[in-house]
Amino acid sequence: MLKSGISESAIAAFTASERARFIQNNPTSMALAKRAKTNLLNGVPMHWMSDWSMPSPLFVKRAKGARFTDVDGHEYIDFCLGDTGTMFGHSPDPIVRAITEQANNGLTTMLPGEDAVVCGELLAQRFELPYWQVTATATDANRYVLRWARAITQRNVLLVFDGCYHGTVDDVMVRCRNGKTVHRSGLVGQAYDLTQYSRSIPFNDVAALEAALAQGDVCALMCEPAMTNIGMVLPDPGFMQKCRELTRQYGSLLIIDETHTISTGIGGCTRQWALDPDFFVVGKPIAGGVPCAVFGMTEHVASAMQDAQKTVSADGGGHGHSGMGTTLSANALAMRCMRASLEEVMTASAYQHMLPLASRLAQGFRALFQRHQLNWSVTELGARCEFQFCATSPRTGAQAEAAFHDSLQMALHLYLINRGILITPFHNMTLCCPQTSDADIDRLIGELDSALTALLALPGARLIPS
């Protein structure tokens, strides 16, 4: 029995109608998709751009604030926001000014400017860690932090939670199945055994956490304070504090990745919940949508990193061959935009607008599902919320995955897209930005109401519980 309570036959009929509507209403996107296949693999510049619910990629012409317009002239309310990449809206005015100002002053030089100094000061003030490094993506940041953790501790095993998200770092592409660490399904060209130096355990499982750390070979626990990619999974009360306590007890480092959970508020969960990590990572929105990420560290860790550098140098190695860093890391444009973002975009007032709206949206979802007699749950974290096809919010990645109903999720997403609303693909997550309005919230709830009304009216739509 599917937890969603909706039959596949009804979903198939519903989806067929919506696919036909999309094709009819988006001739320019359809034509561009056909043209793109001549030179772009699968017709898109990055393969996952073809994994959405539409029968063909949707091509964007312009994005600003909480809205974007496609090449066929349709306007959309955007609750995806680049999957957090533009968490504070598309092209915020301060970022536009920063790009314009920097355009004639150099884009990348491999040398720092004053913006780098100011960014370091602002990052230390906001996230309460004294030292920082800048990368091009959060994937890079996590990869480099992992190298440092192994160098500092002289241990090789990375501990992660089942269903975690840390970009495309090879070492995190593992899952926990029946108590054993295995490769994630779908890995392409994986040449070596990731399970040799990576270990995956369930989220919110203190006993599994201690058992994994007690083996004495874990360099670090890399974790999101709340999981966001397998479906939102919040920590049990006190669980993250237990992560800090046990990593210290067993000599492992704690790496907190807030690339998604920065939506919680100023300083993210790390500051809101006093998590006290050894390393802290955040990417995507830190420079207002321009590719950039950062990782911070404590005084003690910074000193240990310098000692590790000295050891490598004494062995004849050079810093330029550390396996960390790309030429475009910390480029002048990214630094200028990050400064503008920290000073003028990622502000307390922005969060004060976003958080109440997200809470209102979550309450609207709950009321809607109750009215339609759907046993679905809603999970909230700051400016984001997600509805899941299960009665109670999941506590582990496995529970979240068990509630997936991919065909239903894609059908509902396509219905919303056909009516000018975009939510995050691959699951049912929404994000509110400073330009999101109460009217936008009402519009999303109203259109989802219409979708469910139409779907549930189809013959045999409701599954009878066994």
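- Nearest heavy atom pair, residue Phe88 against residue Met346, reads CE1-CG, 3.2 Å.
- Using bins of under 30°, 30° to 60° and over 60° for the plane-to-plane angle, the ring pair Trp376/Phe387 lands in the parallel bin.
- When only modelled atom types and interatomic distance are considered, His183 and Ser185 share no side-chain donor-acceptor pair under 3.5 Å.
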List the steps, then state whether side chain to side chain donor-acceptor pair (under 3.5 Å) holds for His427 with Gln409. CA-CA 7 Å; His427 44 127; Gln409 164 244 302; over 6 Å; no

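- For the residue pair Gln388 and Ala400, the shortest heavy atom distance occurs at NE2-CB, 4.4 Å.
- For the 3.5 Å distance criterion, the side chains of Asn156 and Asp217 fail to qualify, holding no donor opposite an acceptor.
- Remark: Tyr165 OH to Asp257 CG distance equals 8.5 Å, nearest 0.5 Å.
- Contact record, Phe389 with Lys3: O-CB, 3.1 Å, taken as the closest heavy-atom pair.
- Closest of all the heavy-atom pairs between Pro291 and Ala334 is O-CB, 3.9 Å.
- Side-chain contact, Thr264 with Thr261: no donor N or O sits under 3.5 Å from an acceptor N or O.
- Counted by atom type alone, Ser303 and Glu299 present zero donor-acceptor pairs between their side chains at under 3.5 Å.
- Paired with Tyr250 under the rule side chain to side chain donor-acceptor pair (under 3.5 Å), one option of Glu210, Gln215, Glu245 passes, and it is Glu210.
- Side-chain contact check for Asn42 and His47: no donor-acceptor pair (N or O, by modelled atom type) lies under 3.5 Å.
- One side chain, Thr247 or Arg244, offers a donor N or O that lies under 3.5 Å from an acceptor on the other.
- A donor-acceptor pair under 3.5 Å is absent between the side-chain atoms of Ser29 and the main chain of Leu58, judged by distance alone.
- When only modelled atom types and interatomic distance are considered, His90 and Asp78 share a side-chain donor-acceptor pair under 3.5 Å.
- There is no side-chain donor-acceptor pair under 3.5 Å between His413 and Ser53.
- Ion pairing of Arg271 with Asp276 is absent here, as no side-chain N (NZ or NE/NH1/NH2) approaches a carboxylate O to less than 4.0 Å.
- Heavy atoms of other residues, nucleotides or ligands lying less than 6.0 angstrom from CG of Asp193 number more than 12.
- A side-chain donor-acceptor contact under 3.5 Å links Ser393 and Thr379.
- Atom OG1 of residue Thr86 and atom NZ of residue Lys284 lie 10.0 Å apart, to the nearest 0.5 angstrom.
- The two residues Tyr144 and Gly323 have their closest heavy-atom pair at CE2-O, 4.1 Å.
- Under the 3.5 Å distance criterion, with hydrogens and angles disregarded, a donor-acceptor pair is assigned to the side chains of Glu258 and Thr270.
- For the salt bridge (charged side-chain N to carboxylate O under 4.0 Å, His left out) with Arg395, the lone residue among Asp162, Asp236, Asp205 that qualifies is Asp236.
- The closest donor-acceptor contact from the side chain of Gln399 to the backbone of Ala403 lies at 3.5 Å or more, if one exists at all.
- Exactly one residue among Arg150, Arg147, Arg184 makes a salt bridge (charged side-chain N to carboxylate O under 4.0 Å, His left out) with Asp171. That residue is Arg150.
- Looking only at distances, no side-chain donor or acceptor of Glu128 sits under 3.5 Å from a matching main-chain atom of Gln125.
- A donor atom on one side chain and an acceptor atom on the other are found under 3.5 Å apart for Asp170 and Tyr192.
- Using a distance-only test at 3.5 Å, with no hydrogens or angles considered, a donor-acceptor pair links the side chain of Ser329 to the main chain of Thr326.
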For Gln363 and Ser359, what are the C-alpha separation, side-chain angles and deciding distance, and is it a side chain to side chain donor-acceptor pair (under 3.5 Å)? CA-CA 6 Å; Gln363 292 301 323; Ser359 179; 5.1 Å; no

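- A salt bridge links Asp438 with Arg360: at least one charged nitrogen is closer than 4.0 Å to a carboxylate oxygen.
- Ion pairing between Glu75 and Arg443 fails under the 4.0 Å rule for side-chain N and carboxylate O.
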For the pair Leu254 and Cys223, evaluate side chain to side chain contact (heavy atoms under 4.5 Å, CB included) and give the outcome as yes or no after the intermediate values. CA-CA 8 Å; Leu254 177 62; Cys223 63; 4.0 Å; yes

Should Arg366 and Glu380 be marked as a salt bridge (charged side-chain N to carboxylate O under 4.0 Å, His left out) after you check the CA-CA gap, both sets of side-chain angles, and the distance that decides it? CA-CA 11 Å; Arg366 292 187 182 101; Glu380 297 179 64; 3.1 Å; yes

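- Side-chain contact check for Ser263 and Arg384: at least one donor-acceptor pair (N or O, by modelled atom type) lies under 3.5 Å.
- Taking each heavy atom of Cys432 and Leu81 in turn, the nearest pair found is C-CD1, 4.3 Å.
- A donor-acceptor contact closer than 3.5 angstrom is absent between the side chains of Gln352 and Ser349.
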